[in-house]
Amino acid sequence: MAVAANQTRAARAAQRTDFRSGNEMAALSAQAIDFHVMGYYPITPSTEIAELLDELRSEGAHRTVMIPADGEHGAAGICYGAAVGGARVFNATSSQGLLYSLEELPVQSGTRFPMLLDLATRTVSGPLDIRGDHSDLYYTLDTGWLVLLARDPQAVYDLNICALSVAEHPEVRLPALVAFDGFFTSHQKRRVELFEDPAAVRAFLGPFHETVAALDPRHPITVGPYMNDPDLINNKYQLSLAMETALRVLPDVFAEYGALSGRRYELVDLYRMDDAEVALLLLNSAAETAKDAADRLREQGIRAGVVSPNVLRPFPAAVLREALRDVRGLVIGERGDSYGSGGGPVSHEVKSALKDDPENRTRCISTIYGLGGRDFYDEDAEALFRLALDAARGADVPLFGYHGIHAGDPAHPPRRPGLPPLRRDETVSGLIHVEERDGRLAVEAPPAWQLAARPKRVAPGHGACPGCGVFPALDQFLRGIEGDVVVLYQTGCAMVVSTGYPYTSHRVTYVHNLFQNGAATLSGLVEAFHERQRRGELPDDEDITFVMVTGDGGMDIGTGAAIGTALRNHRLIIVEYDNQGYMNTGAQLSYSTPFGHRTSTSHVGPAAHGKAFHHRDTPQLMAATNIPYVFTGVEGFPDDLLAKGAKAQWYARHEGTAYGKLLISCPLNWLTEDRAGADIVRLAVDSCFFPLYEIERHRTALTYDPEPIGRRVPVAEWLRAMGKTRHLTRPGFEAELAEIEAEVDRRWRRLKTMSEQPEL
Ligand SMILES: Cc1ncc(C[n+]2csc(CCOP(=O)(O)OP(=O)(O)O)c2C)c(N)n1
Ligand code: SF4
Ligand SMILES: [Mg+2]
């Protein structure tokens with residue numbers, strides 16, 4: 001809560017100079033604030049914030065309870081729950097993550113529980129692009145959250161502290177979002193100042209005084225009652241009033257923070273605007289580029305200026321009206337479009353602000369630029385200034401347009417380089433035969449090596465790391481499948497490294513969808529296929545096997561869609577490659593990461609010993625949906641995997657959903673030799689951490705048992721083989737090792753009993 005300057009707040013607090021990125025400054029401000037709870041889910045480019053905070057926590061540098069959620073929807077729910085409990089709460093996200101949590105945002109603001117959310121902005125899918133624009137940010141404008149904009153790493157730190165202060169003000173009580181440009185600000189380092197003593201930050205904020213909380217049984221409250229008219233409109237009116245209050249409180253907080261830090265923020269950053277005839281209005285980092293262009297134009301006698309709001313919600317309309325009063329030509333450049341409306345959302349708001357000044361004669365042009373992280377250079381700023389100048393001089397200029405696009409040349413369509421699509425005859429060996437025997441399937445197939453000459457469905461030349469186990473394992477599995485295949489890849493390494501417009505490694509039809517929804521998408525595609533066949537729109541004898549490829553992380557966030565698909569029992573295969581983490585985003589823990597393993601969000605240090613909970617047993621979860629076929633597999637057992645591919649195809653053709661989990665090696669993040677992958681995965685199998693088995697029509701069968709052949713090895717042998725787990729075999733980690741051994745053994749014994757007892 002902000003308190004009056006003359007109360008507890010000290011004057012200037014001691015600071016030190018450092019060289020930090022926006023993400024680092026976000027983490028360091030959060031460390032100083034010492035939030036009670038952070039609920040989060042990794043997504044580029046904001047992930048580093050949680051990673052850094054987790055590392056700091058492992059060193060004992062703050063107390064925040066870090067909760068890795070099952071997805072951003074879950075993360076937002078965790079944050080809301082903690083806020084309802086009167087906690088100080090933090091979250092950080094980007095792009096799809098924000099969109100996936102979107103429905104929770106109005107819940108939080110509508111019930112008036114403050115918290116802080118950092119948004120490292122990134123373009124919204126699709127197509128998927130990890131770089132920065134403001135298309136995600138724009139979705140937040142109508143959610144009832146305070147929205148502050150941080151143009152550089154210093155501002156990320158400062159505005160995080162200020163935003164929380166305003167959010168917790170007793171007359172505001174709204175959640176706050178601080179947005180900064182993905183990569184441009186999140187990753188680029190700048191010279192910055194930080195408070196020497198985090199206590200200065202906590203003293204500035206003061207303790208959080210919740211007005212209501214769900215944790216006082218003596219004073220029960222009802223949070224979020226069902227509310228119809230006529231009350232709901234009053235609730236929203238109060239929210240609207242809180243925004244008005246925030247507009248009054250913000251300058252006070254900025255002033256107080258200015259006294260503490262020596263850095264004074266305004267609602268709107270105005271650069272050389274006193275006498276400007278032309279101006280650019282830009283959000284965040286691009287405004288800094290435009291300032292250099294404005295300086296150059298001024299040397300040529302052009303009175304150019306730059307306008308850049310630090311606050312978007314509440315919208316500083318009055319300040320903008322005043323600042324633009326004498327400007328003749330204004331280009332409002334936006335990294336996001338409100339498609340079909342003739343401008344980005346900020347353009348419309350600026351124009352409507354100016355409309356309220358009957359004297360205003362500014363000609364406003366709305367220009368979309370920099371989508372998908374496209375750079376914005378000096379010359380781009382200068383081009384926009386020239387446009388503003390034309391407008392100021394009364395030239396006939398388009399009032400809306402895109403800057404930096406290429407029309408393309410229809411005479412030169414993008415080539416599909418690489419290998420041509422597979423022909424049908426290349427996909428059928430005729431050597432694999434599956435038949436039912438005693439209620440189960442028997443597969444007759446040549447040894448996998450004899451099929452090695454058959455062309456792969458994924459062409460070589462993709463961008464997977466050396467030694468990556470994804471494609472060898474997938475290839476062995478797909479070799480068991482004869483005929484035409486349509487694949488759907490969820491977001492993850494396999495997707496990212498095998499496509500990149502205009503290239504594709506897939507020699508069969510490939511579809512991508514976001515990794516929380518792939519199974520649902522494939523359900524729709526399968527049913528469209530069958531229905532169109534029934535209607536005679538597709539040939540009767542067309543036979544396609546539909547395969548969804550997902551990482552283990554995709555089975556966290558996509559659990560709902562996968563279980564829904566399995567419960568409906570669509571005729572398709574879900575194959576999960578498990579590399580024990582969110583690898584393409586930088587090795588964060590997934591729920592399949594085993595207990596004690598080190599990841600970038602489960603650090604090992606004096607105050608933390610790796611991942612704090614055991615790995616999920618996804619095959620058993622999927623088996624509980626009663627689908628006809630569940631299996632596990634690894635690369636080092638190619639015949640086993642090929643046979644399981646053939647069975648999965650048979651079940652997907654005849655009975656419904658098949659699901660399989662493949663343990664694959666990830667040298668990059670397991671910290672192992674590129675060549676050691678198959679051996680390490682074999683140790684996982686021989687230590688019974690990853691048993692090879694199948695559940696066919698509800699009957700469990702081990703397809704490999706290391707015990708009777710004397711191959712079982714201690715779990716420690718497997719753990720010693722990887723850099724990410726070596727600590728578990730060292731002194732000080734005896735308790736963790738014992739717990740892993742016990743859990744591995746418990747699951748193995750249970751499985752073995754199930755394989756011996758068909759009714760289990
Ligand atoms: C809603 C949403 N949240 C987060 C992300 C960021 N993200 C993309 S892929 C991925 C991890 C995927 O992990 P996994 O499925 O295990 O595949 P891997 O990268 O390990 O191959 C994450 C966190 C996203 N794209 N969308
Ligand atoms: S990060 Fe790991 S899983 Fe991803 S491509 Fe590299 S080795 Fe493969
Ligand atoms: Mg993974």
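For clarity, every value in this text was computed on a predicted model and none was experimentally measured. Note that ligands are numbered from 1 as they come in the structure, with each ligand's atoms numbered from 1 the same way.
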Colleague: How far apart are the C-alpha atoms of Lys661 and Asp552, what are their side-chain angles, what is the distance that settles it, and do they pass the salt bridge (Lys or Arg N to Asp or Glu O under 4.0 Å) test?
Modeller: CA-CA 9 Å; Lys661 186 179 187 79; Asp552 48 304; over 6 Å; no
Colleague: What residue and heavy atom of the protein are closest to atom 5 (C) of ligand 1, and at what distance?
Modeller: Ile43 CD1, 3.4 Å
Colleague: If only side-chain N and O atoms count, and only distance matters, is there a donor-acceptor pair under 3.5 Å linking Glu743 with His615?
Modeller: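 Side-chain D/A pair, His615 to Glu743: absent.
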Colleague: Do any of the N, O or S atoms of Cys465 sit under 2.8 Å from atom 6 (Fe) of ligand 2?
Modeller: yes
Colleague: If you stand at the Mg ion (ligand 3) and look out to O of Gly581 and OD1 of Asp552, what angle do those two lines make, to 10°?
Modeller: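 With the Mg ion (ligand 3) as the vertex, O (Gly581) and OD1 (Asp552) sit 110° apart.
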Colleague: With a 4.0 Å cut-off on heavy atoms, is Asn584 in contact with ligand 2?
Modeller: no
Colleague: Hey, is atom 4 (Fe) of ligand 2 within less than 2.8 Å of some N/O/S atom on Cys493?
Modeller: yes
Colleague: In ligand 2, which numbered atoms sit nearer than 4.0 Å to a non-hydrogen atom of Cys666?
Modeller: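 In order of number, 1 (S), 2 (Fe), 3 (S), 7 (S).
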Colleague: Glu72 to ligand 1: N or O pair under 3.5 Å?
Modeller: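 In this structure, Glu72 places an N or O atom under 3.5 Å from an N or O of ligand 1.
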Colleague: If you have a sec, work out which protein heavy atom is nearest atom 22 (C) of ligand 1 and how many Å separate them, to one decimal?
Modeller: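 For atom 22 (C) of ligand 1, the nearest protein heavy atom comes out as Phe515 CZ, 3.4 Å.
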Colleague: Can you label the angle between the Phe35 ring and the Phe90 ring as parallel, tilted or perpendicular, going by 30° and 60°?
Modeller: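 Judged by the thresholds at 30° and 60°, the geometry between Phe35 and Phe90 is parallel.
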Colleague: Asn669 heavy atoms, cut-off 4.0 Å: which ligand 2 atoms fall inside?
Modeller: 1 (S)
Colleague: Would you please indicate if the ring centroids of Tyr510 and Tyr489 are separated by under 6.0 Å?
Modeller: yes
Colleague: Polar contacts were defined as any N/O atom of the residue lying under 3.5 Å from an N/O atom of the ligand; does this apply to Thr585 and ligand 1?
Modeller: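 Among all N and O atoms of Thr585, none is under 3.5 Å from an N or O of ligand 1.
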